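Take a look at the structure set out below.
For clarity, every value in this text was computed on a predicted model and none was experimentally measured. These numbers come from the heavy atoms of this one structure, side chains and all, not from hydrogens, waters or symmetry mates.
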Amino acid sequence: MAGLLYRLGRFSARRHWLVIITWVVIMAVAGVTYTLFAGTISSSITIPNTKTSQVQDQLADKFPSANGGNGTLVFETTDGKRFSSAQQSEIDDFLTGLEDLDGVKGATSGFDTQRQLDDQRQEITDGREQIESGRAKIERGQEQLDARKAEAESGKEQIAAAQAQLDAQKAQAEAAGAAGAATPTAQAQAAAAQLQQAQAQIDAQREQLEAGEQQLADAQKTIDTNKQKLDNSEQELEQGSELLDLSKDIRFVSQDGNAAIGTVQFTTSTYEVPADTKTAIADDAESADIEGVEVSVSNDIAQGVPSILGPGEIAGVIIAAIVLLLMLRTVIGAAIPLISAVLGVGVASLAALSFSSLVEFISVTPVLGVMLGLAVGIDYSLFILNRHRTQLKQGMQVHESIGLANGTSGNAVVFAGATVIVALLALNITGIPFLGLMGSVGAVAVLFAILIATSFTPALLSIIGMRILRKKERTSIGDTGATRVPDKPMSTWRAVITLVAGVAVLGTIALPATQMRLGLPSGSSEAVESTQYQAYKTLEQEFGAGQNGPLLVVATLPESISKSDVTATEVTIGQAIAKNDDVEAVLPIGASKDRDIIAFQVKPAGGPDSVSTEELVKDLREQRVSTDDGSVSLGVAGNASANIDVSEKLSNVLPLYLVVVVGLSLIILIIVFRSFLVPITATAGFILSVLASFGGLTAIYQFGWLGSVFGVHDPAPILSFLPIIEIGILFGLAMDYQLFLVSGMREAYAHGASAKVAVQRGLHAGRAVVTAAAIIMISVFAGFIFSESSTIKPIGFGLAFGVLVDAFVVRMLLIPAAMHLLGKSAWWFPKWLDRIVPDVDVEGAKLERTHPTSGHEDTHTGAHALPVQPDANPHDAGHPPAHRA
């Protein structure tokens, strides 16, 4: 590889304009492909096949009319008074206007929704009064009917008595007739006629009474029917009342009447809504001219694509430029790494985003590529440039120096960059699409940084020629003087104290990480002046914290139920849900068309990123509700639920990724350093760096320590995918610094220095360039701490703090101390394994020995480089390689 890079460096030096024009053309092609094929970038983070996505799919199938995401707008009066009717009318008109936007299915005014809820509650009150009135009427009718029944019973008794009397008279008449003459007298006949007439009257009365009894029975039946209807109505009314009682704490207009919620329903899920649609809604809200009313949009609408370069990021690049200028003391030299890095970032970003129409990009993906591309691009170019300057000062000819710098330091750059690329690509093993894509895009950015550093940078160096050195340096070419190198090791006590104190400090910094919680940003994490933050705080203050993250709970029934059983089932399930801790309200949404699932909106007591809400989601998913038809299972969806699922899945894959990265670290370092203990100490140092970085993140962004310094006004859980991203990136960068420092120790030891002296020589040789590289990388990463995006801020801090700890504490203090204490055993390696393991020659030592320095006229400046006679064996003389001076 070193020989190939040497030839590439020589070619780039000789054909510098061809190389530069080629890269400009590549940049242009990437720009054209981006213009033609770039797609929409999503601001939301999703993972397929989670419990939330399964519930959403179920809803899409069973509730097609309700399919589509929702966005929230918050309206608040500026004077704190109740909305006037004119303001309400203007708000309704504003929401109606949003329905004309592409991707918007409809918009609902909070005034209408609140009015419906209030009307339903009033209907319950009116219904109860009507039932009481109807029951009173029924009771009065029953009393009248009972009186008539009593009269009928009395009539029946009178008829029975008259019948008995008549029957007695008939018996007497019959007895008298039997004892008298054979022929009845006129008097007897008259008596018989009277008896018949009396019997007819009694029969008529009896018929009339029976008819009355039938009427009474019909009347009783009517009363009983009406009473049953009233009982049914009362039951339905009470069930409706119970449902309304469950949702009494859900409001869409605040109790004081000074804040209202508007809801926008999209044609697709919130995650799939085009950024243009969300931007249009946010712009309309910002420009809404409703007198005395302020309009804010929630995070699910306003969370857009963060700017790639803001004031903080530019400040980071400026600091990097200042560091380069102080180190190289030449403007033109400081400009080369910056130009190279910007070109690499431009090509990588445009090339990657050209595929955004085919693959879903989340907003943080290109920003991460820019962040990495700038940091490593500057560093990698600096390593080659610094080696080239050193060789020129020793008298080497320009083109030869460029080739040799590319073959030695460039070889180290390729290897170091390859470790970063491998670590980033390993993110694909997590099985999480957006995380794998982030790693792939970051790997592309690092790849282009390597390609630019090993081709474009040599081309620029060729054009600049000897002007890369200051005038004073050009006049003293070849007169490098004696290079002082350490010839004494550090004291053992110093090594012990350094190691113990360093581990103790990093361990203390890492302690907060034991309480780290993972989550996704909510509106509370945004800038205080942002519309998302205003909306979040208004909802929290006027409607309760849970209004910022309502849960969608779906109850799956054992079998379909009848229409008449829907309300009763809703009450049973709703009351069971309400019994959970931290449930403030339950609002039934309705049953599916075939009535086999019922949906509810649940308002938790805590916000979307609170511990209580997380526990509530878990409890609801484990809960089983018993009904007359069997056991009912519950599923949970919604933004808060989705965030919990994403964080949980990332937490589950974090150990696997850490094992893979650590294992990879050990294998790579064993090959490079041909040692067992050096890789173990390097990996242990990497783990310390990562844990300390996690501790710092937790302390600042979750606990809120030093929040005013870093702009943390509302502490929240750590960004869910940050730990994995940071492990991957810091692994690669830690190996960079390990390589540039410890390989110098290995070379010094291999060329005769004692193991403990070799530690000092390697540290002395590499610390200047590593210090500059680390400061540059910290500056670039730190610039993103003050980004407007709540997603980018912690990433910038985590990487900046991680590099700070790893470079200046682990690599420059702990590793040298550990290497000193290990002594010769640090380089022990079995002979049989030494024969098997390939010699990668990371820094191109073999190439350096085959290309001695020589001087002749420089083709660019006309100056003559003074020849320098190479030392036949400089290492035997106690000097490290020239490029480490």
Original post:
How would you list, by chain and number, every residue that makes a salt bridge (Lys or Arg N to Asp or Glu O under 4.0 Å) with D379, sequence neighbours excluded?
Top reply: none
**OP:** Check side-chain contact (heavy atoms from CB on, under 4.5 Å) between S440 and all other residues, then give those that pass, not counting sequence neighbours.
**Re:** L425, N428
**OP:** May I have the step-by-step check of side chain to side chain contact (heavy atoms under 4.5 Å, CB included) for I670 and F829, ending in yes or no?
**Re:** CA-CA 9 Å; I670 286 174; F829 202 54; 3.9 Å; yes
Subject >> Partners passing side-chain contact (heavy atoms from CB on, under 4.5 Å) against I667 (at least two apart in sequence or in another chain) >> reply: I671
Original post:
side-chain hydrogen bond (donor to acceptor under 3.5 Å, both in side chains) with R7: which residues, sequence neighbours excluded?
Top reply: none
Subject >> With W23 via side-chain hydrogen bond (donor to acceptor under 3.5 Å, both in side chains) - residues at least two apart >> reply: S455
**OP:** Indicate the ring-plane relationship of W828 and F676, choosing parallel, tilted or perpendicular according to the 30° and 60° boundaries.
**Re:** tilted
Subject >> Qualifying residue for side-chain contact (heavy atoms from CB on, under 4.5 Å) with L656, from V659, V660, L658, N652 >> reply: V660
Subject >> Pairs touching residues 441-462 that satisfy salt bridge (Lys or Arg N to Asp or Glu O under 4.0 Å), sequence neighbours left out >> reply: none
**OP:** Say whether, by atom type as modelled, one donor and one acceptor occur between the side chain of R674 and the main chain of D834 under 3.5 angstrom.
**Re:** yes
Subject >> Residues that R746 engages under salt bridge (Lys or Arg N to Asp or Glu O under 4.0 Å), provided they are two or more places apart >> reply: none
Subject >> side-chain contact (heavy atoms from CB on, under 4.5 Å) involving S381 - partner list, sequence neighbours excluded >> reply: I336, P337, S340, T457
Original post:
Can you list the residues that meet the side-chain hydrogen bond (donor to acceptor under 3.5 Å, both in side chains) rule with T683, with sequence neighbours excluded?
Top reply: S665
**OP:** Sorted by first residue and then second, give each ring pair (Phe, Tyr, Trp, His ring centres under 6.0 Å) pair with at least one member in residues 797-818; sequence neighbours left out.
**Re:** Y701-F797, F710-F797, F797-F801
Original post:
Is a side-chain N or O of S462 found less than 3.5 angstrom from the main chain of P458, in a donor-acceptor match?
Top reply: no
Subject >> Value rounded to 0.5 Å, distance of CZ in R329 from CZ in R389 >> reply: 9.5 Å
Subject >> Set of side-chain contact (heavy atoms from CB on, under 4.5 Å) partners for L654, sequence neighbours left out >> reply: P723, I724, I727
Listed pairs under 3.5 Å, donor-acceptor, residues 814-826 side chains, sequence neighbours left out:
{"unit_1": "H820", "atom_1": "NE2", "unit_2": "M490", "atom_2": "O", "d": "3.3"}
{"unit_1": "H820", "atom_1": "NE2", "unit_2": "T492", "atom_2": "OG1", "d": "3.4"}
{"unit_1": "S825", "atom_1": "OG", "unit_2": "L822", "atom_2": "O", "d": "2.4"}

Original post:
Can you find a heavy atom in the side chain of L451 that is under 4.5 Å from one in the side chain of Y380?
Top reply: no
**OP:** Work out which heavy atom in I384 is nearest to a heavy atom in V413; give both atom names and the distance.
**Re:** CG1-CG2, 4.4 Å
**OP:** Check step by step if side chain to side chain contact (heavy atoms under 4.5 Å, CB included) holds for I20 and F456.
**Re:** CA-CA 6 Å; I20 291 173; F456 183 79; 4.0 Å; yes
Original post:
Would I729 and V420 satisfy side chain to side chain contact (heavy atoms under 4.5 Å, CB included), going step by step from the backbone distance to the final call?
Top reply: CA-CA 6 Å; I729 295 175; V420 181; 5.6 Å; no
Subject >> Audit row: R811, F686, side chain to side chain contact (heavy atoms under 4.5 Å, CB included) steps and yes/no >> reply: CA-CA 9 Å; R811 304 303 153 189; F686 159 67; 3.8 Å; yes
